[in-house]
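The block underneath contains the structure these notes are about, expressed in structure tokens.
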Amino acid sequence: MPLPSGPVPTGRTPACPDEGADARTDLPAGPGPSADQERSAGYRAVFAVPEFRFVFAAHLLSSLGVVVCEIALSVLVFTLTDSPLLSALTFALGLLPYVVGGTLLSAVADRYPARRVLVGCDVLCALAAAGMVLPGTPVAVLLVLRCVIAAIAPVFAGTRGATLGEILGEGELFVLGRSVIRIVNQSAQLAGFAAGGLLLAVASPGAVLAITAATFAGSALLLRLGTVARPARDGARGAERGALLGASLGGVRRLLADRRVRALLLLSWLPPAFVVIPEALLIPYSDLLGVGPAGMGLLMCGMPIGAVVAETLVGSFLGPRARARLTFPMGVFAVLPSLGFAARPSLGWAVLLLVLTGTGISYNFGVDRWFVAAVPEELLGQAMTVMQAGRMTVMGLAMGLAGVAAEFAPLRVVMPAAGVVGVVCVVAVMVEVRRTAYGGWCAGGARTGSYDRKLRQG
């Protein structure tokens with residue numbers, strides 16, 4: 001969407017898009033992108049926005065901190081208990097509490113100023129990580145603190161996602177900014193596992209957890225110093241707001257009641273749910289192949305590598321129309337490579353299948369743009385929180401179900417079955433997304449079909 005250059009007012013006034021618009025025409029608060037930046041949208045244009053650079057650096061720090069925390073805490077719990085179950089539970093607790101924070105606390109993202117929420121979330125995570133370092137902390141308390149970090153994560157992610165719309169506008173720079181965040185997430189898995197392993201080779205798990213606390217504190221400092229103070233998106237004040245829990249649940253009901261939003265949420269949740277099923281079974285699959293720790297490491301790296309390469313290439317070399325047209329094909333393609341595991345591929349072919357699976361992440365370019373256009377402005381932060389919480393929760397459940405299925409059926413059946421069921425489910429959701437392409441939200445909750453017609457034609 002073309003944005004006027006020059007100063008823009010604080011806050012945003014949602015406006016109904018007119019027929020020629022590429023996105024909502026409301027203006028970002030603070031130093032948003034100029035018209036020239038929007039026309040030359042690319043990763044370079046995204047990083048040309050000073051405020052985004054601080055958000056990027058903060059996200060990089062906290063993402064590495066989360067990955068390193070998971071590894072160090074898992075090792076610490078195993079050292080204290082000698083229990084593989086409790087050690088594995090620390091990873092599961094990184095996903096399952098998302099549904100709690102994403103449902104019961106989702107209104108926080110719109111009720112309070114974004115910078116205050118982001119900094120507060122980082123500070124709470126830093127305190128939780130610091131609590132893990134205290135000598136003699138019981139294992140139960142360690143797991144509770146891990147749950148605290150996981151429950152805060154969707155609120156932080158949703159608030160940051162909505163804030164990107166204010167920093168970058170809600171056109172192509174927003175889509176590319178979201179892409180950068182995904183690239184960081186995937187890269188953090190690769191760098192974080194490597195860094196965590198190296199740190200644990202020279203330091204105790206407690207010392208590594210102290211580093212994690214420092215990364216959260218550093219992220220909070222960057223966000224406090226580098227982002228603009230903006231008012232809350234929810235214009236209600238005091239008693240008008242009602243209880244946080246009621247507002248959170250009411251907002252979730254309002255989002256899920258809208259057919260278009262519901263379809264897009266499902267489209268953002270289902271492909272990742274089926275994609276992680278082969279990933280969740282890579283350890284037993286590497287044992288089946290007899291490839292040892294080195295081979296298992298290669299298998300674990302395949303999907304993140306494919307995701308980073310695809311995000312970078314699509315974001316750098318394709319325009320908005322081409323990215324939108326990739327949404328449905330790549331959403332289906334993401335779940336297809338798992339069919340290849342029916343042939344029990346060797347290490348090299350299995351890595352290739354996983355790299356191809358990772359490339360399917362590029363379907364998110366279109367989903368992000370459609371979703372932000374479909375959501376009511378005053379619920380944008382909550383909607384992004386629900387999207388993130390739902391995705392992580394569904395992925396966690398899928399991983400658990402994959403493990404249960406693998407107890408009763410061979411891997412060469414369970415892994416490709418994820419592809420078969422995934423194709424059916426994803427295609428069904430895509431049909432619903434197409435059916436709801438007409439009609440979107442505009443100021444005051446009125447409906448308009450102009451923007452979605454524009455997207456459908458494009």
Side-chain angles (χ1 to χ4, degrees), residues 1-15 23-38 40-41 43-63 106-126 152 155-181 184 216-237 368 372 375-385 388:
M1 83 181 164
L3 295 175
S5 57
V8 294
T10 302
R12 297 188 296 178
T13 303
R24 286 187 300 205
T25 55
D26 44 312
L27 298 177
S34 67
D36 288 341
Q37 285 174 320
E38 183 72 18
S40 61
Y43 289 123
R44 183 177 298 179
V46 172
F47 282 101
V49 180
E51 197 174 358
F52 178 79
R53 294 199 292 269
F54 280 89
V55 174
F56 167 79
H59 181 56
L60 182 61
L61 264 182
S62 60
S63 295
S106 57
V108 169
D110 295 312
R111 174 173 288 209
Y112 303 104
R115 185 173 71 177
R116 187 186 306 172
V117 174
L118 294 174
V119 173
C121 287
D122 267 337
V123 169
L124 288 174
C125 289
I152 291 172
V155 178
F156 182 91
T159 306
R160 183 189 57 222
T163 302
L164 287 181
E166 297 172 324
I167 295 173
L168 301 173
E170 291 175 359
E172 279 309 296
L173 292 192
F174 171 80
V175 173
L176 290 171
R178 290 272 293 170
S179 172
V180 170
I181 296 299
V184 170
F216 283 121
S219 174
L221 185 63
L222 286 169
L223 292 170
R224 178 62 182 82
L225 298 178
T227 59
V228 174
R230 295 179 173 87
R233 276 173 293 274
D234 181 358
R237 292 290 183 268
D368 281 343
V372 78
V375 171
E377 175 62 28
E378 70 275 11
L379 291 179
L380 182 57
Q382 191 167 2
M384 301 298 284
T385 301
Q388 178 71 3

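Residues take their numbers from the sequence shown, with the count starting at 1.
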Gap separating the CZ atom of Phe156 from the OG atom of Ser62, nearest 0.5 angstrom: 5.0 Å
For Leu61 and Ser219, the nearest pair of non-hydrogen atoms, with its separation, is CD1-N, 3.9 Å
Please report the interatomic distance CZ(Arg160) to NE2(His59), rounded to the nearest 0.5 Å. 4.5 Å
Shortest non-hydrogen contact from Asp110 toward Gln382: OD2-N, 2.8 Å
Side-chain touch Thr227/Thr163, heavy atoms, less than 4.5 angstrom: no
Residues Ala220 and Val119: closest non-hydrogen pair is O-CG2, 3.8 Å
Quick check: closest heavy atoms across Phe47 and Arg53, and the distance to 0.1 Å? O-NH1, 2.7 Å
Between Thr159 and Cys121, is any pair of side-chain heavy atoms under 4.5 Å apart? no
How close do Val117 and Val108 get, heavy atom to heavy atom, and via which atoms? CG2-O, 3.7 Å
Would you find more than 12 non-hydrogen atoms of other residues, nucleotides or ligands less than 6.0 Å from Arg224 atom CZ? no
May I ask you to check whether Tyr43 and Ser179 show a side-chain donor-acceptor distance below 3.5 Å? yes
Is any side-chain heavy atom of Val55 less than 4.5 Å from a side-chain heavy atom of Ile167? yes
Does the pair Phe52 and Leu164 meet the rule for a side-chain contact (heavy atoms from CB on, under 4.5 Å), with working shown? CA-CA 8 Å; Phe52 178 79; Leu164 287 181; 3.7 Å; yes
To the closest 0.5 Å, what do you measure between CG (Leu222) and CG (Leu118)? 12.0 Å
Pairwise side-chain contact, Arg178 with Met384, heavy-atom cut-off 4.5 Å (strictly under): yes
Please walk me through it: do Phe56 and Val46 pass side-chain contact (heavy atoms from CB on, under 4.5 Å)? CA-CA 10 Å; Phe56 167 79; Val46 172; over 6 Å; no
Between Gly177 and Leu168, the two heavy atoms sitting closest are CA-CD1, 3.8 Å
